[in-house]
Amino acid sequence: AVLKKRLVKLVVNFLFYFRTDEAEPIGALLLEHCRITKEEENVFSISFVEEPERKYCFECDSEEQCQEWIEALKRASYEFMRRSLIFYRNEIQKMTGKDPLEQYGISEEARFQLGTHKQ
Amino acid sequence: MKLNERSLAFYATCDSPADNAGFLYKRGERHTAYHRRWFVLKGNMLFYFEERESREPVGVIVLEGCTVELCDSAEEFAFAIRFVGAKSRTYVLAAESQAAMESWVKSLSRASFDYMRLVVRELEKQLEEMRWGLGGGYGGCRQSPGSWKPKPLGLERSPERLPALPAIPLKENGCAVWNNAPGVDQPPDTSGCGGHDSEGNPRPPPLPPRRRASSSEAGSAGAAAAESPSTFCRLHEQYGREVAKLRQGWLERQRGPQ
């Protein structure tokens, strides 16, 4: 496989990639139900649950950059963020006895319910 | 623009619960006729299918940077998803009842990643403030002392990794300072022995020196991470790396020219 230099941008739960001199992205990866794996030195890969053998590999300039990307990508999915929210909500509720989402009027929103979103 | 469509379709059809689902009428782009479609909202993605039983969505609307508003239309219970920008489109949808319309408008207007992130940060902040207030006594010490890396904690018996609770720094690393500048206040004692919440709560540590984005690549990385420097987790990791580097340097100087 040939390595091509790309400008890569993480925006919400999408990873956009550009040719280095172009303003419009050539492609994007939706980062849900994906797995970020450290490969060899400076390299990480993204693969998706429904096609685990297909790996999108990225080579970084340094090991540090590689780790930064891995950490950022692991937290990039909407589903990860949702789990964080549910977790924090639960922790705060345990500590204070109060639901922190009540003040925002969003306690009943389906997307914030514990136990309904297992993935 | 290429997109990992198979992954999108998988997300749309896998059995993870949807945040909303139902029939809506969608006004066509070129012809203004409405077509009845099966809509599924998951996260910040609004998928639509030709039929409820269709195996793949025919389209998806990414709900970032848009507004959801009621709209004037001959069609009853109509609302619009409006995007800003020259080339952008407005999607006009219509529900089958007042209640359905209200439910959709509510769930769509809170569907963006940005909104979710806002709420998460707010809760993180609250949790952080509570931890500092209690003197570090509660909760975060479920990890082995001395470990720098926050380990995932289980909430339900889910095999999925959940976000790690930041560790309260334990006292055995007596050399930890909160920033590198000399003469700064000593770190608050958060050793978790009988945390007493008092009025004179220790304030959170000052933020680390702002890191310049070394290139647009690294700089854009972590839209999730780089924008919340106050997150304890992030601070903890950053300090950990700096300390590891300093220690490395110190060890090398110790070995020195022999």
Side-chain angles (χ1 to χ4, degrees), chain A residues 6-14 16 24-30 32-34 48-51 56 60-61 64-65 68-69 71-92 94-96 100-101 104 106 109-112 114-119, chain B residues 1-11 14-20 41-45 62 64 106-107 110-114 116-117 119-120 122-124 126-127 130-131 134 138-139 153 155-156 158 160-163 165 214-218 220-226 234 237 241:
Chain A
R6 295 283 178 254
L7 174 63
V8 177
K9 261 191 176 184
L10 175 61
V11 182
V12 298
N13 49 349
F14 280 91
F16 289 96
E24 290 291 314
I26 35 179
L29 295 174
L30 171 68
E32 299 293 335
H33 299 288
C34 66
F48 294 89
V49 159
E50 77 284 354
E51 210 184 356
Y56 297 82
C60 307
D61 281 336
E64 189 183 356
Q65 192 190 40
E68 270 187 48
W69 274 101
E71 286 312 303
L73 291 169
K74 280 183 170 167
R75 292 160 209 234
S77 71
Y78 189 101
E79 295 303 323
F80 177 88
M81 185 143 302
R82 192 207 305 271
R83 290 200 301 274
S84 307
L85 188 149
I86 290 172
F87 183 69
Y88 291 140
R89 178 191 191 185
N90 197 54
E91 286 298 300
I92 293 173
K94 283 197 293 196
M95 285 167 82
T96 64
L101 296 186
Y104 305 116
I106 52 180
E109 287 272 323
R111 63 169 56 87
F112 301 135
L114 183 64
T116 54
H117 293 272
K118 292 241 158 65
Q119 299 206 33
Chain B
M1 190 189 77
K2 274 198 285 194
L3 203 50
N4 54 332
E5 287 184 9
R6 273 184 71 166
S7 308
L8 262 130
F10 176 80
Y11 187 40
C14 74
D15 55 12
S16 69
D19 296 319
N20 207 339
L41 174 63
K42 280 194 186 181
N44 56 348
M45 318 281 286
V62 180
E64 297 295 329
K106 213 162 42 147
S107 53
R110 293 179 183 146
S112 73
F113 189 98
D114 278 338
M116 177 65 87
R117 184 160 50 194
V119 181
V120 170
E122 183 53 40
L123 296 193
E124 265 178 347
Q126 283 186 29
L127 207 51
M130 279 192 279
R131 290 236 168 79
L134 291 174
Y138 175 83
L153 298 173
L155 176 59
E156 308 142 60
S158 161
E160 284 283 290
R161 268 183 54 242
L162 280 161
L165 254 188
S214 50
S215 67
S216 28
E217 298 178 39
S220 306
R234 191 96 188 118
E237 281 175 89
R241 280 201 288 266

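At a 4.5 Å heavy-atom cutoff, the contact between S77(A) and chain B is made by backbone atoms alone. Using a 4.5 Å cut-off between heavy atoms, A111(B) contacts chain A through both its backbone and its side chain. Of the atoms belonging to E5(B), not a single heavy atom falls under 4.5 Å from chain A. Only the side chain of L101(A) comes within contact range of chain B, with heavy atoms under 4.5 Å apart. Contact annotation for I26(A): only backbone heavy atoms (N, CA, C, O) come within less than 4.5 Å of a heavy atom of chain B. Contact annotation for E50(A): both backbone and side-chain heavy atoms come within less than 4.5 Å of a heavy atom of chain B.
Side-chain contact between M95(A) and L127(B): present, with at least one pair of heavy atoms (C-beta onward) separated by less than 4.5 Å. Counting heavy atoms from C-beta on, the side chains of D19(B) and R82(A) come closer than 4.5 Å. Looking at heavy atoms from C-beta onward, M81(A) lies out of side-chain contact with L85(A) at the 4.5 angstrom threshold. No side-chain heavy atom of F113(B) sits less than 4.5 Å from a side-chain heavy atom of M116(B).
Between the side chains of Y78(A) and R111(A), at least one donor-acceptor pair of N or O atoms lies under 3.5 Å. In summary, the side chains of Y11(B) and E79(A) do present a donor paired with an acceptor at a separation below 3.5 Å, with no hydrogens or angles considered.
Put simply, of G27(A), P25(A), C60(A), the one with the most heavy-atom pairs under 4.5 Å next to chain B is G27(A). Of all the listed residues (N4(B), L41(B), V120(B)), the one sharing the greatest number of non-hydrogen pairs under 4.5 Å with chain A is N4(B). Listed options R110(B), M45(B), Q126(B), E64(B) were ranked by heavy-atom pairs under 4.5 angstrom with chain A; first place goes to R110(B).
Under a 4.0 Å N-O distance rule, the pair E71(A)/R75(A) qualifies as a salt bridge.
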